[in-house]
Amino acid sequence: MVKQNQEALDAHTRESVQWHFNPETGSPYWLEKAKSFDFDPLTDVSCFEDLNKFPLFEDDELRGGPLDRWIPKALLGKPTYVFETGGTTGIPKSRVVIDDFRIDYENFSDTLPDESFPKGSNWLMLGPSGPRRLRLAVEHMAQYRGGISFCVDLDPRWVVKLIKKGKIDEVKEYSAHVIDQAMAILGAGHKIKCMFTTPKLLEALAMRLMDEGSSIEEAGITGIFCGGTEFTQQWYRFAREELLGENVYITPTYGNTLMGLACGKPFDPADDYKITYYAPQPRAAIRVVDFDDHTKVVPYGETGRVKLFTMTKELFIPGFLERDEGEREKPHPKYPWDGVSGVRPFHKIASSTTVGVY
Amino acid sequence: MLEIPVIRWGKPYESFDQQEVVHFETGEPLAKVHQANAGLVKMDMRKAQRARDLLREIPISKLLEICKKAADLYMTAELPLGNGTQTPKEFCRIQSASTGMPEWMCAGNMKKVAFVLEHMDEILDSLTRGLPLDILTRGYGKEERGVMMSYQANSPVLGLVLPSNSPGVHTLWMPILPMQIGLVLKPGSSEPWTPYRMTEAFCQAGIPRECISVYPGPHDVGSTVTELCQRVMLFGGQQTIDKYKANPNVQAHGPGFSKILLGDDVVDRWEDYLDLMVDSIYQNGGRSCINASGVWASRHTEAIADAIAKRIGPVGPTSMTDPEAPLAAFTMTGAAKAMHTQIEEGLKEPGVTEVTAKYRDGERLIEMERCDYLRPTIVHCASTDPALANTEYMFPMASVVQCEQKDMLKKIGPTLVCTAITEDQQWSQQLLDATNIDRLNIGAVKTNALNWLQPHEGNIVEFLYRARAFQNETPAAH
């Protein structure tokens with residue numbers, strides 16, 4: 001299985017490079033960028049390993065316009081979305097998207113257990129929307145599964161500003177305002193059984209329900225897909241043991257606007273809630289690489305920085321160092337390729353970053 | 001190796017997240033401390049009222065006896081700690097090894113904690129200004145003079161976000177339990193020792209375990225404690241102080257900018273006060289907020305600076321086990337170097353001279369493999385303008401500042417402890433009226449000489465209890 005998947009990844013790599021560097025189909029950005037390479041992607045890339053020939057992708061390249069430079073020529077004219085990343089301020093990093101978010105979330109949806117996320121049931125999307133991908137993506141997933149998604153907005157950029165100014169009371173008020181809306185939707189007879197939210201908002205919602213003599217389970221939620229901010233093994237255990245009760249399913253995800261959605265390995269009591277993520281290969285791949293040499297994958301079990309590769313028809317990222325580190329994990333029967341566990345902010349930049357604001 | 005769990009209202013909780021505390025000189029792991037997550041704190045704070053309810057079932061007179069017993073246990077007993085035990089000697093050794101405080105200073109801080117606990121009855125009597133203590137339990141009652149008094153607890157628990165580097169500050173939270181308020185402790189990452197040892201001493205002495213939580217953890221645990229406890233005492237730098245200065249729920253402790261002011265009437269006799277000035281700057285490694293960081297006088301400042309520098313300039317680091325080790329180490333990478341660089345920048349300003357340089361052999365900054373030291377530094381400032389005239393760092397460092405007496409109160413800024421040596425009645429009155437001074441000593445009292453029967457860094461009773469009107473009978477017509 002592992003070998004087959006490696007072959008599929010190599011084949012997908014060749015196909016992607018041919019698409020993105022073909023003057024007929026590629027994007028202006030990559031066609032222009034290729035002129036600066038000391039190799040020809042069309043002839044010199046024949047497998048996934050060959051992606052190391054590319055220089056690291058710098059995500060600052062995503063700041064500012066014109067955004068058309070990112071659209072592959074073959075897709076020009078199709079309805080296009082722009083999604084922005086993260087909770088920071090300044091000129092945002094933008095990614096143009098046509099269909100990728102739908103495909104990513106359909107693929108992810110297929111990994112969800114139907115007994116906890118019943119087909120046809122409605123969803124609550126409690127997290128950042130605005131220019132971020134999540135709202136449309138979760139809404140599409142709900143529709144794909146035959147349900148309707150109810151959305152509560154949250155603006156992480158405003159929260160970051162409040163935190164930086166030390167306006168903690170206002171952060172609390174804003175959080176309470178968001179939870180008020182979630183409570184109103186949950187209490188309005190919409191038969192919501194599934195939810196997307198972030199760890200912090202889930203905590204806040206669960207505790208509000210407890211304060212009112214109820215619980216997530218009693219509110220009718222049976223399945224939660226949770227991510228967007230740091231999701232630790234300890235928090236996973238806390239959520240399972242204290243926040244939700246044993247009848248509510250929760251699955252962690254790791255993803256971003258560039259990659260799509262990595263799936264968490266199914267929960268296994270034998271390894272104490274350990275969280276291992278597997279990227280949606282071959283559309284995207286993650287590797288755990290040496291801190292000093294990003295072309296070297298660390299041995300299994302060792303710690304390194306997360307390096308991302310995205311290869312869809314819409315986006316080509318031949319190696320980008322995420323702001324995260326973790327441990328390299330062996331392939332899993334359900335996801336027979338490399339995974340990463342213990343994902344946390346990269347230690348060298350962690351202290352300068354405001355994480356987990358929503 | 002010692003493994004220390006989180007304590008959730010008395011119950012040990014083993015977390016998947018753990019942090020090693022290491023020896024600052026060797027890097028040898030000393031203990032593995034389990035880390036709480038913010039959610040645990042939020043979940044537990046929903047039950048905070050129970051801590052106060054349980055404490056209110058114990059008469060304060062009994063709680064005061066418990067404090068005395070806890071003091072004895074803290075000072076003498078081999079107490080459980082996580083999966084092991086700890087003798088007082090082991091406590092000092094491990095505290096020194098993780099914080100960089102010499103062992104004898106750690107032992108000295110133990111004595112301070114024990115003193116406060118042993119004298120808790122006098123301290124509460126003093127801090128409450130003689131209030132019958134059962135009024136704190138019942139909420140109201142009559143004083144001896146027949147006046148109805150009512151006090152309401154502002155919070156069922158006090159949250160404490162504690163520092164890593166200054167074991168002496170733990171004395172500040174000792175009066176909380178006998179005031180029937182529960183404790184939510186977030187220890188500093190290098191100094192979990194005092195919170196855990198005190199918790200065990202209190203509980204073995206008779207405090208119900210359900211009244212204390214101890215949450216070691218990352219920053220968000222501290223911010224959650226700060227957010228959810230209705231009363232919080234926390235420790236940090238000036239930035240932290242500024243952040244919370246408008247928040248009545250938070251009592252923030254930071255640099256003290258404590259000073260000695262020499263009045264014009266005594267300044268010609270400055271040599272009489274040299275020991276007082278040296279001790280105020282230098283004792284406890286200069287690390288406390290009550291150590292003097294400034295000596296202000298209208299004349300003789302160069303001679304004063306020189307005399308102090310001559311006494312403490314040659315001092316350098318020795319072994320942590322040296323019974324007279326004068327300096328604490330900086331265990332956080334880069335901290336000492338950053339302070340050193342800031343001082344060097346400050347010395348470039350006109351009118352600023354470092355006086356200690358000529359009395360020490362070598363540099364101020366001593367960089368070692370896993371820790372650094374800063375040697376005592378005395379700076380002379382010919383006016384109040386330079387930045388170094390009013391700065392504070394965590395080692396024996398002080399500025400001797402030339403300033404007219406009439407300008408001192410306007411220029412000294414916020415001052416935690418001010419020792420004003422003067423017999424000038426008019427100036428004494430101005431000092432008494434100065435609201436930028438917290439603790440005022442008029443006379444030859446060291447800045448770091450504590451009187452526990454006085455309010456210290458904000459009266460803890462006023463912080464935890466609100467005096468209010470209460471009537472259970474119609475007042476007389478008037």
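Quick caveat: nothing in here was measured; it's all calculated off a predicted structure. Proteins come first, then strands; the chains are lettered A, B, ... in the order of their sequence lines, and each starts at number 1.
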Within a reach of under 6.0 Å around NZ of B:Lys337, are more than 12 heavy atoms found that belong to other residues, nucleotides or ligands? no
Heavy atoms under 4.5 Å from chain B: which residues of residues 206-224 of chain A carry them? A:Met207, A:Met210, A:Asp211
Can you tell me which portion of B:Gln18 sits under 4.5 Å from chain A's heavy atoms? Options are side chain, backbone, both or neither. neither
Applying salt bridge (charged side-chain N to carboxylate O under 4.0 Å, His left out), which residue pairs with at least one partner in residues 16-32 of chain B are found, sequence neighbours left out? none
Top residue by heavy-atom pair count (under 4.5 Å) with chain A, among B:Lys243, B:Gln35, B:Arg46? B:Arg46
Using a heavy-atom distance cut-off of less than 4.5 Å, which residues of residues 233-248 of chain A contact chain B? A:Gln233, A:Gln234, A:Trp235, A:Arg237, A:Phe238, A:Glu241, A:Glu242, A:Leu243
Check the surroundings of atom NZ in A:Lys193: do more than 12 heavy atoms from other residues, nucleotides or ligands lie under 6.0 Å from it? no
Contact part of A:Lys167 toward chain B, heavy-atom cut-off under 4.5 Å: side chain, backbone, both or neither? neither
Atom CE of B:Met368 with >12 non-hydrogen neighbours under 6.0 angstrom: no
Take a 6.0 Å sphere around CZ of B:Arg50 and say whether it holds more than 12 heavy atoms from other residues, nucleotides or ligands. no
To the nearest 0.5 Å, tell me how far B:Thr226 OG1 sits from A:Ile168 CD1. 9.0 Å
Name all residues meeting the side chain to side chain donor-acceptor pair (under 3.5 Å) criterion together with A:Asp272; count only those two or more places apart in sequence or in a different chain, and write none if there are none. none
Once you round to the nearest 0.5 Å, how far does OG1 of B:Thr224 lie from CD of A:Glu203? 7.5 Å
